[in-house]
Amino acid sequence: MMMSEKYEESKLYRLRHSAAHVMAQAVLEKFPEGKVAIGPPVEDGFYYDFDLPRPLTPEDLEEIEARMREIIKANAPFTREMVSAEQAREIFNGQPYKLELIDALETGGVDEHGNPVDEKPVISIYKSDTFVDLCRGPHLESTGQINPKAIKLMSVAGAYWRGDEHNPMLQRVYGTAWLSPKDLKEHLWRLEEAKKRDHRKLGRELDLYSISDAVGSGLVLWHPKGAIIRHLAERFWADEHLKHGYDFVYTPHIGKADLWKTSGHLDYYAENMYAPIEIENQQYYLKPMNCPFHIEIYKSDIRSYRDLPMRYAEMGTVYRYERSGVLHGLLRVRGFTQDDAHHFCTEKQMPEEIDFVLSFSLNILRSFGFDQISAYLSTRPEKAVGEPERWQAAQTALEASLKRAELPYEIDEGGGAFYGPKIDLKIKDALGREWQLSTIQFDFNNPERFDMTYIDEDGQAYRPYMVHRALLGSTERFFGILIENYAGAFPVWLAPVQVAIIPIADRHVDYARALATELKAAGLRVDLDDRSDRMNAKIRDAEKQKVPNMLVVGDREMENNQVDVRRRSGERLGALPIAEFKALALEDVANKVVG
RNA sequence: GCCGAUGUAGCUCAAUGGUAGAGCAAUCGCCUUGUAAGUGAUAGGUUAUGGGUUCGAUUCCCAUCAUCGGCUCCA
């Protein structure tokens, strides 16, 4: 559906906007005393917010959807009218949310959705059938242009008026709308597919991890099969870091209140931190970030320009208080391990250091099978610490690296943190969904706060540049994304079980056992299914567990010292000598083959 | 945290104001099998937790906890 045309100018956008109006009419007919708020198109559909006397039920949605089809059938034209603020107030008398929007429109500076705009907008209304809405448009010519078989109401959820949690909670009805029934069907199929890949479902089915009530919300228990994947990923991660000039450090999980005072966390981040632990009249906090510890290591000695650049890396486990409603499987948790690193360098080294860290990041991401990578460059916000020249130098270096890496990127003007500009890397998964993984951030704040220095050639102390980066983000979140991307069918190098050996009858078990020993000795992770079940059942189980290779062994294989290879794709490689299969499997592992 | 929904066996789900049932999984047999489910039996539950209404609650009500869909938040 993605075309060069801007979404806001597309027919699909107008269609969805119009569908939102049709829905609002249907809802108001059912609840004449209901208040309407706003109803824009969104990705994949539209929504409309209402203030209604009672919560909507799924049955209500069906009824509303049926009524929408009737309104569409009536083929009422959409007509636009310009009105004065006074006229608008009269029309929307009794609709407090609309009146609030009219006031805002009159004052100028925001559009009908409350978003800031430059020019003072004119006030327009759209009418269709019995429904009138304060609306900038555009819309279709008439309701009949909506295909009644290409719309569907999806869900109802709470949403704050104008997105502010201090405002009343409204009921938001989500719908999806498409140009054709086929498009709708495809969209619903994608939703189904996403459901099948949900890491929470697969996490249970493949026995990868769990989250136990007894332990606590947002605290992940890694089961053996999840843990081996994490271990392999971390081992690869560690090897690459050692090869590329990183030093490993290990730091504790708690630190004294003064440390967090110095770093500024207690002033700016306290609401995300766990409550302090008091011991011997000292308060200690669980760490929400690793930086202060790495900085203390830096400061444990006088640093010379000859020592720089320094790269401290750590799989650092941090704890952050997340509000209960935002937790989500592995993707949003309260305790997680960051693949963290801090670079310290001189001004001169800085551009090269950025170049290095970006290309290093890309290599790591690609090794995990993520080839579609794009970037966001976030620049200096209004309120910021650090000298403007440093900001400029850092931004220039970041952008130059992006260009050299030939990465598609967008600039988020003013989107940087107050302490420094950054690059965020996003990957696209197998379903085309985007996930932000890596972040490379300058920090002009902590070097000041901790008074970090290095001695340069001239014998003077200078402030080092500090770059904070995480490539995978957090192991928990990254794991969740990996699960969804591969739908649980991990590349062979990461698969918890790489080979399932399936003897056909009990008399083949000894042969199978010897085979297992041989393959394990070669470094493969092997599971021997010696249950007295039928071969078909064993294959089914191995398939469901997404084991990449299944080796069926019976009389024929025993006779010839062979294995009959079946891939989880269903592909049959037929009977191969053991050595040949072994070489094949090891090659797949070494090449990090996906499939 | 807020709005709404949900919470029954390891998993997926039934059922009822009179103390719960299936399929899969598990366990024990029988079968000895050629590329996605052979077959029989057994065991498994303080119906999330705590209160309340009732002669009686798993069912109705309240609170708490957790999960799900959103909102807000996500250095």
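Letters A, B, ... are given to chains in the order of the sequence lines, protein chains preceding strands, and every chain is numbered from 1.
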Using a 4.0 Å heavy-atom cut-off, does [X] contact any base of the nucleic acid, only the sugar-phosphate backbone, or nothing at all?
| X | value |
| --- | --- |
| A/N536 | sugar-phosphate |
| A/R556 | base |
| A/E557 | base |
| A/N272 | nothing |
| A/H265 | nothing |
| A/A159 | sugar-phosphate |
| A/Y174 | sugar-phosphate |
| A/M550 | nothing |
| A/G325 | base |

If you compare every side-chain N and O of [X] against the phosphate oxygens of [N] (OP1, OP2), does one of them come in below 4.0 Å?
| X | N | value |
| --- | --- | --- |
| A/R566 | B/A36 | yes |
| A/H508 | B/G34 | no |
| A/R507 | B/U33 | yes |
| A/S155 | B/G70 | no |

Euclidean distance, atom [atom1] of residue [X] to atom [atom2] of [N] [Å, nearest integer]:
| X | N | atom1 | atom2 | answer |
| --- | --- | --- | --- | --- |
| A/Q545 | B/A25 | CD | C1' | 12 Å |
| A/Y47 | B/U72 | OH | C1' | 13 Å |
| A/D555 | B/U35 | CG | P | 14 Å |
| A/D533 | B/G34 | CG | C1' | 15 Å |
| A/K544 | B/U35 | NZ | P | 20 Å |
| A/D529 | B/U33 | CG | P | 17 Å |
| A/R332 | B/C68 | CZ | C1' | 16 Å |
| A/L56 | B/G69 | CG | P | 20 Å |

* **Stems involving RNA chain B, each a run of at least 3 consecutive Watson-Crick or G-U pairs under 3.5 Å** =>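 Stem list for RNA chain B: B:1-7 with B:65-71, B:10-13 with B:21-24, B:26-30 with B:38-42, B:48-52 with B:60-64.
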[X] side-chain proximity, nearest of [options]:
| X | options | value |
| --- | --- | --- |
| A/R200 | B/G69, B/G34, B/G1 | B/G69 |
| A/Y321 | B/G1, B/A37, B/G4 | B/G1 |
| A/V552 | B/G4, B/C2, B/G34 | B/G34 |
| A/R540 | B/U35, B/U72, B/A37 | B/A37 |
| A/S217 | B/A66, B/A36, B/U33 | B/A66 |
| A/V326 | B/A66, B/G69, B/G1 | B/G1 |
| A/S532 | B/G69, B/U33, B/A36 | B/U33 |

* Using a 4.5 Å cut-off on heavy atoms from C-beta on, say whether the side chain of A/W260 contacts that of A/P288. =>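 In short, these two side chains touch, coming nearer than 4.5 Å.
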* Please tell me if the side chains of A/R477 and A/Q436 come closer than 4.5 Å, counting only heavy atoms from C-beta onward. =>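 Yes; the side chains approach each other to less than 4.5 Å.
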* Asked: Does NZ or CZ of A/K287 lie under 6.0 Å from the centre of the six-membered ring of A/F293, at an angle within 45° of the ring axis?
  ->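 Yes, A/K287 sits over the ring of A/F293.
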* Can A/R16 be said to sit on top of A/F46's aromatic six-ring, NZ or CZ under 6.0 Å from centre and within 45° of the ring axis? ->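 No; the conditions do not both hold, so A/R16 does not lie above the ring face of A/F46.
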Does a salt bridge link [X] with [Y], judged by any charged N lying under 4.0 Å from a carboxylate O?
| X | Y | result |
| --- | --- | --- |
| A/D340 | A/R469 | no |
| A/D541 | A/K544 | no |
| A/R162 | A/D164 | no |

* Asked: Nearest nucleotide by nearest heavy atom, which residue falls closer to the 5' end of RNA chain B, A/R204 or A/D213?
  ->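 Nearest nucleotide further toward 5': that of A/R204.
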* To do: Map A/E271 and A/V156 onto RNA chain B by nearest heavy atom, then report which one ends up closer to the 5' terminus.
  =>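 The residue closer to the strand's 5' end, by nearest nucleotide, is A/V156.
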* **Whole-Å P distance, B/U47 and B/U19** =>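 Looking at atom P only, B/U47 and B/U19 are 13 Å apart.
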* Asked: Looking at CG of A/L472 and OG of A/S361, how far apart are the two atoms once the value is rounded to the nearest 0.5 Å?
  ->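 Between atom CG of A/L472 and atom OG of A/S361 there are 9.5 Å.
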* **Main-chain N/O of A/I502 paired with A/K538 side-chain donor or acceptor, under 3.5 Å** =>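 Between the backbone of A/I502 and the side chain of A/K538 there is no qualifying donor-acceptor contact (under 3.5 Å).
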